[in-house]
S.K.: 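Attaching a single structure in structure tokens format; questions to follow.
No hydrogens, no waters, no symmetry mates; every other heavy atom, side chains included, goes into these values. Quick note: residue numbers are just sequence positions, from 1.
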Amino acid sequence: MLAMENTEKPTPRRLLLKLFSSRNGVQMNASSAVRVGALFGISENNIRVTLTRLQSANLLQLVERGFYELGAEGKLLANEINAWPTVEATLCSWREDWIAVLTNTLEKSDRKAKRARERAFKLTGMQEVSNDFYIRPNNVIGGVNELRKRLFSLGLDKRAMVFNTSQFSPPQEELNRRQWQSEALEEGYQKGLQAIQQSLMRLDSLPLEEAAKESYLVGDKALQRLVFDPLLPAPLVDVSLRKLYRSKVREYDKEGAAIWQRFLTHGS
């Protein structure tokens, strides 16, 4: 058996949103969703309750014939997640300057705003180097203006100061460069490559249900790594290794999509 890379049973919410977000125009009725949940030991009642809650939150919406598809909020989330295949094209070479954010003027007691801020920083690779001061390398095409727009679209309060900076003292510059645990990132790429390669070698030999389950678990782990990758420049991380990993994930994603198409069609 494949020792899959720290995979965990998905929650009903995560499972359904992942599948509805996997491609444009995905539709699924309740019976298909229940069948998907059964793969992971999730009860029919749990799946049906989750569908209702996702619809109430505008993450899903009902279409004709009782099928669900992504709602307005779900499409916004999917757009953010599904940018991973082409995100390398948004990067440029690094001139050793930084994009910085100051949040000292923001309300600290607003928990909703704080969650949105933390999520925006996580999705854009920002790291806190001192109280209320966050940075990332400026290796983004469009620089600070482009990242400012993305941060605000992800929920960062527009009162935050987002600006370009450089010429830190040598000790601070060294501290800046150590914020992202580059060795752990590279180890993650290596482990991910190994897990995907092992899975690709065995998917064809598995029963359809097992292949669908495995491709979800391995693919979801890979997707999480890519969506929250800080996209560091060289020399902070091995960029060629990251690109190799991303390429292998694209290959696996296509294989997984074909398996899930067969699985859902087989049960319809």
S.K.: Tell me, please, which residues at least two apart from Glu251 pass salt bridge (charged side-chain N to carboxylate O under 4.0 Å, His left out).
M.R.: Lys248
S.K.: Would you say Gln172 and Asn176 are linked by a side-chain donor-acceptor pair, where the criterion is simply a distance under 3.5 Å?
M.R.: yes
S.K.: Go through the steps for Ser182 and Glu186 under the test side chain to side chain donor-acceptor pair (under 3.5 Å), then give the verdict.
M.R.: CA-CA 6 Å; Ser182 299; Glu186 292 170 1; 5.7 Å; no
S.K.: Apply side chain to side chain donor-acceptor pair (under 3.5 Å) to Thr103 and list each qualifying residue two or more places apart in sequence or on a separate chain.
M.R.: Asp132
S.K.: Who else is in Val87's hydrophobic cluster (ILVMFWY, side-chain heavy atoms under 4.5 Å, direct or via others)?
M.R.: Leu91, Leu231
S.K.: Going by the rule salt bridge (charged side-chain N to carboxylate O under 4.0 Å, His left out), which residues pair with Glu80 if we only count those two or more places apart in sequence or in a different chain?
M.R.: Arg150
S.K.: Counting only heavy atoms not in Arg95, do more than 12 fall under 6.0 Å of its CZ?
M.R.: no
S.K.: Provide the full list of ring-ring contact (aromatic ring centres under 6.0 Å, His included) pairs with a residue in residues 29-59, sequence neighbours left out, each pair given once.
M.R.: Phe40-Tyr216
S.K.: Which residues pass the salt bridge (charged side-chain N to carboxylate O under 4.0 Å, His left out) test with Arg246, not counting sequence neighbours?
M.R.: Glu88
S.K.: Excluding sequence neighbours, so at least two apart, what forms salt bridge (charged side-chain N to carboxylate O under 4.0 Å, His left out) with Glu128?
M.R.: none
S.K.: Listing request: all side-chain hydrogen bond (donor to acceptor under 3.5 Å, both in side chains) pairs with a residue in residues 36-47, at least two apart in sequence or in separate chains.
M.R.: Glu44-Arg48
S.K.: Using the ring-ring contact (aromatic ring centres under 6.0 Å, His included) rule, collect all pairs that involve residues 101-141, keeping only residues at least two apart or in two chains.
M.R.: Phe121-Tyr134
S.K.: Does a sphere of radius 6.0 Å around NZ in Lys114 hold more than 12 heavy atoms from other residues, nucleotides or ligands, not counting ones at 6.0 Å or beyond?
M.R.: no
S.K.: For Gln261, I'd like to know if atom CD has over 12 heavy atoms of other residues, nucleotides or ligands within 6.0 Å.
M.R.: no
S.K.: Could you give all pairs that pass the salt bridge (charged side-chain N to carboxylate O under 4.0 Å, His left out) test and reach residues 154-171, with sequence neighbours left out?
M.R.: Asp157-Arg159
S.K.: Please enumerate all residues that pass side chain to side chain donor-acceptor pair (under 3.5 Å) together with Glu146, with sequence neighbours excluded.
M.R.: none
S.K.: Taking side chain to side chain donor-acceptor pair (under 3.5 Å) as the test, write out the residues that go with Trp260, two or more places apart.
M.R.: Ser215
S.K.: Side-chain donor-acceptor pair under 3.5 Å between Tyr189 and Asp229, yes or no?
M.R.: yes
